[in-house]
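Here is the structure we will look at, set down as structure tokens.
Here is the naming used below: chain letters follow the sequence lines, and residue numbers restart at 1 for every chain. Below, each value reflects all heavy atoms present in this structure, side chains not excepted, and no hydrogens, waters or symmetry copies.
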Protein chains: 2
Amino acid sequence: MNTLNDNTIAIVDDHLLFASSLEKLINSFQGFRVLFKAQHGLDLIDKLQNLNDLPDIILLDINMPVMNGFETLKWLTENHPTIRVLSLSMDDNEMYILKMLKEGAKGYFLKDIHPKTLEKALLEVMERGFYYSELVTNAMVNSLHSDLPDLDPEFNKNELQFIKLACSELTYKEIADKMKLSPKTVDGYRQDIFKKLGLRNRVGLVMYALKNKMINI
Amino acid sequence: MNTLNDNTIAIVDDHLLFASSLEKLINSFQGFRVLFKAQHGLDLIDKLQNLNDLPDIILLDINMPVMNGFETLKWLTENHPTIRVLSLSMDDNEMYILKMLKEGAKGYFLKDIHPKTLEKALLEVMERGFYYSELVTNAMVNSLHSDLPDLDPEFNKNELQFIKLACSELTYKEIADKMKLSPKTVDGYRQDIFKKLGLRNRVGLVMYALKNKMINI
DNA sequence: TAAAAAAACAGGAAAAACCCTGTATAATCT
DNA sequence: AGATTATACAGGGTTTTTCCTGTTTTTTTA
């Protein structure tokens with residue numbers, strides 16, 4: 001085991017138990033070694049800046065506190081475009097997959113894959129630069145013939161707050177009170193958002209917000 | 001390392017990568033060794049019946065396909081009450097914690113705990129029979145002064161189907177059509193369920209269903 | 001099989017959600 | 001400064017949801 005020539009890996013995941021365990025697994029792969037672990041995006045940025053050694057590959061979780069996988073990936077492609085980022089999530093949500101690929105991820109895996117698959121993927125990413133599982137290619141193909149609504153619509157602060165409050169049992173009138181706005185204004189937000197996202201009613205909005213992790217359960 | 005006297009552990013988790021990694025971690029703990037892994041409850045039952053050796057401890061995930069953690073724990077307490085079951089989840093949802101403890105779990109951990117904590121917990125469970133983290137004791141204390149609605153209300157088939165459909169963009173009339181029932185009957189379901197769960201409106205029902213994993217996002 | 005319980009269904013009414021169109025005001029740009 | 005654009009807000013109507021109180025029908029149980 002030539003430690004010097006090993007490909008180095010960083011793990012970014014808030015589940016310490018998972019990260020620590022995965023570290024052991026990866027260190028048991030020939031030719032790979034975990035350089036460091038981080039709990040979330042900010043932690044990663046901090047560690048990248050205080051270390052003089054960059055990892056070859058970053059395994060990046062999506063759901064994390066403080067700074068999530070999307071934001072982190074965006075930062076990485078801007079600041080360290082040479083590092084290959086593989087997304088490692090529990091969610092097979094197609095929107096997630098497409099969003100991460102669009103941002104420049106070199107692969108997307110579910111946490112239920114077999115260790116051997118991960119090993120193969122790591123090797124392939126080092127050789128070819130990417131690894132697209134069937135999950136990923138399917139998502140890409142599907143995205144071609146289904147016209148999904150706007151992949152990443154923008155919401156301003158008020159709209160975001162409205163969406164959060166709309167996912168509670170508050171009536172729109174109560175939401176308007178909380179936001180110190182007229183009920184009519186709030187109704188305007190609702191209408192704009194419904195049109196932007198192609199929704200029929202409030203339940204659709206709640207499901208949308210959940211799918212896109214705009215709120216936590 | 002006396003393999004014969006090691007305490008044995010079974011891991012039940014559908015995330016193969018996590019399970020395999022955790023296995024390596026636990027095998028590195030002194031005095032513990034992973035006997036086998038299962039992907040979900042049914043798989044566990046199968047393996048318990050085909051092996052002549054029972055594990056001392058089972059680490060049980062909650063969110064799993066086929067047979068989830070709640071159902072699995074119920075089966076275990078009925079069929080193998082001597083096995084100590086520790087719940088290992090990503091959700092700090094208080095309802096989850098209480099439900100699992102009520103069913104007889106000897107502990108409840110989040111996946112973001114430190115490996116050392118897990119090791120300590122495993123040791124303590126073997127010595128004292130249980131390990132209650134701060135998370136768990138807090139949940140228990142809170143449950144004393146807040147009168148949560150019915151911890152585990154029962155729903156019949158129609159109610160369950162109604163709840164699932166209510167989490168979509170369908171109107172109640174459309175739901176009634178789908179269920180081949182009168183809209184008034186469906187409205188009766190709604191009213192009963194709202195009262196049973198203390199809900200104000202449909203969004204509340206959607207959030208309830210999500211918190212209790214009655215539907216998937 | 002008669003009584004009790006549960007499930008299906010109704011009438012009717014108030015509240016909330018939904019939808020369209022239009023105006024005043026504030027912010028931004030040329 | 002004047003034009004453009006975005007934001008806040010209104011009027012007013014339709015649909016859906018929510019809620020209350022019943023009756024009829026079916027199923028369960030004694």
Any chance you could lay out the side chain to side chain contact (heavy atoms under 4.5 Å, CB included) test for A:Met90 and B:Asn63, step after step, and finish with the verdict?
CA-CA 11 Å; A:Met90 295 178 313; B:Asn63 267 310; over 6 Å; no
Rounded off to whole Å, could you give me the [atom1]-to-[atom2] distance for the [X] and [N] pair?
| X | N | atom1 | atom2 | value |
| --- | --- | --- | --- | --- |
| B:Asn158 | D:dT26 | CG | P | 16 Å |
| A:Asp192 | D:dC9 | CG | P | 14 Å |
| B:Leu181 | D:dT26 | CG | C1' | 14 Å |
| A:Leu160 | D:dT7 | CG | P | 13 Å |

May I ask you to say what A:Thr185 touches in the nucleic acid, namely base, sugar-phosphate or nothing, with a heavy-atom cut-off under 4.0 Å?
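Base: the residue A:Thr185, judged by heavy atoms under 4.0 Å, touches a nucleobase.
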Heavy atoms of chain B, cut-off under 4.0 Å: which first and last nucleotide of DNA chain C, 5' to 3', fall inside that, if you could look?
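Range of nucleotides within reach of chain B: C:dA7 to C:dG12.
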Result of checking A:Leu17, A:Val34, A:Ile9, A:Leu118 against A:Leu22 for side-chain contact (heavy atoms from CB on, under 4.5 Å):
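When side-chain contact (heavy atoms from CB on, under 4.5 Å) is applied between A:Leu22 and each of A:Leu17, A:Val34, A:Ile9, A:Leu118, only A:Leu118 qualifies.
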Return a table of donor-acceptor pairs under 3.5 angstrom between the side chains of residues 160-170 of chain B and protein atoms on other chains or two or more places apart.
{"from": "B:Ser168", "atom 1": "OG", "to": "B:Leu165", "atom 2": "O", "distance (Å)": "2.7"}
{"from": "B:Ser168", "atom 1": "OG", "to": "B:Leu170", "atom 2": "N", "distance (Å)": "3.2"}
{"from": "B:Glu169", "atom 1": "OE2", "to": "A:Arg200", "atom 2": "N", "distance (Å)": "2.8"}

For a quick test of your reading: what N or O donor-acceptor pairs under 3.5 Å do the side chains of residues 50-60 of chain A make, sequence neighbours left out?
{"from": "A:Asn50", "atom 1": "ND2", "to": "A:Asp46", "atom 2": "O", "distance (Å)": "3.2"}
{"from": "A:Asn50", "atom 1": "ND2", "to": "A:Asp46", "atom 2": "OD1", "distance (Å)": "3.3"}
{"from": "A:Asp56", "atom 1": "OD2", "to": "A:Thr8", "atom 2": "N", "distance (Å)": "2.8"}
{"from": "A:Asp56", "atom 1": "OD2", "to": "A:Thr8", "atom 2": "OG1", "distance (Å)": "3.4"}

B/S/- contact track for nucleotides 17-25 of chain D, protein heavy atom under 4.0 Å
SBBBB----
Suppose we screen for ring pair (Phe, Tyr, Trp, His ring centres under 6.0 Å). Which residues come up paired with B:Phe18, at least two apart in sequence or across chains?
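Counting only residues at least two positions away or on another chain, B:Phe18 forms a ring pair (Phe, Tyr, Trp, His ring centres under 6.0 Å) with A:Phe18.
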A:Lys37: side-chain hydrogen bond (donor to acceptor under 3.5 Å, both in side chains) partners, not counting sequence neighbours:
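Applying side-chain hydrogen bond (donor to acceptor under 3.5 Å, both in side chains) to A:Lys37 gives A:Glu23.
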Does a salt bridge link A:Asp177 with A:Lys173, judged by any charged N lying under 4.0 Å from a carboxylate O?
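Between A:Lys173 and A:Asp177 there is no salt bridge, as every charged N stays at least 4.0 Å from the carboxylate O atoms.
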Residue A:Gln49 excluded, over 12 heavy atoms near CD under 6.0 Å
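It does: A:Gln49 CD has more than 12 such atoms within range.
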